[in-house]
Amino acid sequence: MSFKIVHQTKNRVRFLHNGLKRNTDERNLENEISNLDGVFGVRVNKISQCIVLKFNGNLDEILEKISKISLTTKQQNSISKKNIAIAGISCLITPFLTKSKALVSISSSFPVLREGFYELLKQGLTSKVLEALAITISLFRKDYLAANSTNLMLSIGEYMEESTIHKSDDLIKELAKPNIKEAWVEIIENEKKVLKKISANDIKKGDIVVVGAGESIAIDGYIVEGSASINQVSMTGEAGSIIKERGQHVMSGTVVEEGKIKIWTEFSGENTSTQRIKKYIQNSLNEKSQIGLKATKLADKLVPLTLSLAGISYLINKNTTSVASVLQADYSCALKLPTPVAFKSSISKAGKAGILIKGAKSIEALAKSDVFVFDKTGTLTNGVLRVQDVISFDEFWDKESLLNLAASVEEHYFHPIAEAVVDAAKKLGFEHMHHDEVEFIVAHGIKTHYNKKEVLIGSRHFLEDDEKVSFQENTQEIQSALNTGCAVLYIAYDKKLLGIITLKDEIRSNAKATIKKLKNLGVKEIVMLTGDIKDKAAKVAKDLGIDNFYAELLPTDKAKIIENLINSGKNITFCGDGINDAPSLVKANVGISMQRGADIAKVTADISLLKDDFYAVATTKELANKTMNLINKNFKITVLINSLILFGATIGRLSPAITAVLHNGTTIGLLLNSIKGINLSKKSE
């Protein structure tokens, strides 16, 4: 195998690959190459043995990795179709042949016989071995019709199985799109701002990306200029477009339908939402569930049972026809195949509904969960602060002027409090108040000058302790604001406390409906964790129908509570959004992260919500319950029908051909039922 470079530029190369064959699956090979580090575009032409590669990295290393990719990724469905055609022709012509019946039958059945022989050597007794043995017995008996019809049914079954599994995989892989290759970035050339199209992989944090109508967003970040109507269906599952303006967050993979925006880059390349989702999806395709593993082990254990029944059949019927029939009807395929397809179908449906499930194990564990634990802030609440009141301590500054001053300074800062202040000012007809350059003091606040006098905005510690602003005259008003449960933003002007802005995070409107739905789905206990005082937590718990709560918690207390609940024998699902929720998300049997959550929470969670809809938590639980019910139903049907088929074959009532039809028909029906998947009830609040 060798490469010959035909043409090369800085980030693009076209080369010949003599390993490409007519049976190479171009799409699968392109997918494998595109997943290599440094590759952001690939096109394969097997006829001309040519590959065009767009890359960003060491070409020699990339080519070395490509050389190790197996080119035996053949088009399995095409091979199956070929086998069906050969088996079908053999069935049709064999009755009319006077000679060569054995040669034609053996030739058409050879793929099944060869696969059975190899599996016998490598894995011992398996379903493939039994199928090959059944055909061998028919050939030995010169029952060529039985051998060829059995081979035909096995080929049809194999084709249906591959088609069904590939279809379910393709549905999930579709969620990983779009894969944006290039973007326009604003750069400085000759002291002027110009636009330059560069590879999406070359975009760095802080770069300004410009996106116009009809273009996809290549990065995650914040709008710094302009407004646009953005379609987020690819990421959130929500149809329709949303107006996004300055200061609001946008995600990669979404599309600008109208308008033009400039975006400050927060995450690019492999760190974007799109790429993280792609990795999760790829992992979920290969993950084995516990029930899937059990089904595989059970199927393998039942192979000797089938072989024993074949022996009993011979003793009862004194012929090899019934033996061949019994060997057709093992449990293996119908037990092994529908289960992973059902999981993949549900993962696909969840993805289209804006719910990212990272593998079959998460579904299985969620179905078993009987206790749901919710962090309050950002989970049961919206996670979006809203201005409740503006209180001025200076008669020369009314509420509107005080809010305009704060918004004029805060609009340069991407922070929930800043966004809430700017949003409140806009609703009242925001008038910008010109000020000097803003200085950010990390974790404290902001400092600038207005009319040559210093403006300080931030925490009490920042103003009172660091900047020596007196709070003595306004202690009572401040305490009254704090007693309402609001967060307080302090504003000082010319070293005097000018006023405060109170902000609050409201309980989600559908939180109560979600909790009610969870209880209807079999959840025995709902628990809330919060740092709030006990009385305030008790009121929230009562209003929402929460069974138990833990108040006045430190961030480190949450994981310990989760651990204690698990040690008490409960199956825990934890829902959180913050950085300090990551340990709890890991410790719980299932962790669910909210759409607005911290990046580390999304990474550590088993399930991530891609849209800001709290009711999706209940939808996910319903999906898990119904998926496991479907799998259990398939399991029972498999055991019942195949047991009846085996009984009929054992007592000599079913021929090999009829047994093959019934057995493979059952497997195909279960596969189709699995890929159809489950139906979720309509949302009601």
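What you are looking at is a predicted structure, and each value in this text was computed from that prediction instead of being measured. Numbering starts at 1 and runs along the sequence shown.
In this structure, Asn571 CG and Leu366 CG are separated by 10.5 Å, a value rounded to the nearest 0.5 Å. Here Ile347 contributes atom CD1 and Ile607 contributes atom CD1; the two are 9.5 Å apart, rounded to the nearest 0.5 Å. To the nearest 0.5 Å, the span separating CD1 on Ile355 from NZ on Lys611 amounts to 6.5 Å. Taking OG1 of Thr254 as the start and CD1 of Ile217 as the end, the distance is 3.5 Å to the nearest 0.5 Å. To the nearest 0.5 angstrom, Phe110 atom CZ is 7.5 Å from Leu113 atom CG. A distance of 10.5 Å separates OG1 in Thr620 from CG in Leu356, rounded to the nearest 0.5 Å.
Using modelled atom types, no side-chain atom of Ser109 and backbone atom of Asn151 make a donor-acceptor pair closer than 3.5 Å. A donor-acceptor contact shorter than 3.5 Å is absent between the side chain of Ser100 and the backbone of Leu103. Remark: side-chain polar atoms of Ser674 are paired, donor with acceptor, to backbone N or O of Leu670 under 3.5 angstrom. Put simply, the side chain of Asn201 never gets that close to the backbone of Ser199: no donor and acceptor are under 3.5 Å apart. Under the 3.5 Å distance criterion, the side-chain polar atoms of Lys349 are left unmatched by any main-chain donor or acceptor of Asn679. Between the side chain of Asn589 and the backbone N or O of Thr573, no donor-acceptor pair lies under 3.5 Å. A donor-acceptor pair under 3.5 Å links the side-chain atoms of Asn629 to the main chain of Asn625, judged by distance alone. The closest donor-acceptor contact from the side chain of Ser90 to the backbone of Ala87 lies at 3.5 Å or more, if one exists at all. A side-chain donor-acceptor contact under 3.5 Å links Asn632 to the backbone of Met628.
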What donor-acceptor contacts under 3.5 angstrom involve side-chain atoms of residues 135-143, with partners at least two apart or in another chain?
from: Thr136; atom 1: OG1; to: Ala132; atom 2: O; distance (Å): 2.7
from: Ser138; atom 1: OG; to: Ala134; atom 2: O; distance (Å): 3.3
from: Arg141; atom 1: NE; to: Thr320; atom 2: OG1; distance (Å): 2.7
from: Arg141; atom 1: NE; to: Thr321; atom 2: OG1; distance (Å): 3.4
from: Arg141; atom 1: NH1; to: Asp143; atom 2: OD2; distance (Å): 3.3
from: Arg141; atom 1: NH1; to: Thr321; atom 2: OG1; distance (Å): 3.1
from: Arg141; atom 1: NH2; to: Thr321; atom 2: OG1; distance (Å): 2.4
from: Asp143; atom 1: OD1; to: Ala146; atom 2: N; distance (Å): 3.2

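Nearest approach of Pro338 to Asn634, heavy atoms of both residues: CB-ND2, 4.0 Å. Shown here for Val323 and Ala310, the closest heavy-atom pair between the two residues is CG2-O, 3.5 Å. Across all their heavy atoms, Phe55 and Thr9 have their closest contact at CZ-O, 4.3 Å. Scanning both residues, Leu623 and Thr627, for their nearest heavy atoms gives O-OG1, 2.7 Å. Nearest heavy atom pair, residue Leu152 against residue Gly88, reads CD1-N, 3.7 Å. Scanning both residues, Ile51 and His17, for their nearest heavy atoms gives CD1-CD2, 3.8 Å.
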Could you give me the CA-CA distance, side-chain angles and deciding distance for Lys621 and Val617, then say whether side-chain contact (heavy atoms from CB on, under 4.5 Å) is met? CA-CA 6 Å; Lys621 173 62 174 172; Val617 174; over 6 Å; no
query = Can you list the steps and then say if Ile66 with Leu53 is a side-chain contact (heavy atoms from CB on, under 4.5 Å)?
reply = CA-CA 11 Å; Ile66 292 175; Leu53 200 67; 4.0 Å; yes
Stepwise, does the side-chain contact (heavy atoms from CB on, under 4.5 Å) test hold for Lys676 with Ser345? CA-CA 7 Å; Lys676 178 186 175 184; Ser345 177; over 6 Å; no
| request: Take Ser252 and Ile219 through the side-chain contact (heavy atoms from CB on, under 4.5 Å) test and state the conclusion after the steps. | output: CA-CA 5 Å; Ser252 65; Ile219 47 87; 5.6 Å; no
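Counting heavy atoms from C-beta outward, Thr619 and Asp613 have side chains that stay 4.5 Å or more apart. Contact check for Ile592 versus Leu609: side-chain heavy atoms found under the 4.5 Å cut-off. Using a 4.5 Å heavy-atom threshold, the side chains of Tyr314 and Val326 count as separate. At a threshold of 4.5 Å between non-hydrogen side-chain atoms, the residues Val639 and Phe635 count as touching. Contact of the Leu305 side chain with the Leu646 side chain is not registered, since no non-hydrogen atoms from C-beta on lie closer than 4.5 Å. The shortest distance between side-chain heavy atoms of Thr94 and Leu145 does not fall below 4.5 Å. Contact of the Ser322 side chain with the Ile316 side chain is not registered, since no non-hydrogen atoms from C-beta on lie closer than 4.5 Å. A 4.5 Å side-chain heavy-atom check between Leu63 and Phe15 finds at least one atom pair inside the cut-off.
More than 12 heavy atoms of other shown residues, nucleotides or ligands fall within 6.0 angstrom of atom NZ in Lys626.
For the residue pair Thr638 and Asn642, no side-chain donor N or O sits within less than 3.5 Å of a side-chain acceptor on the partner.
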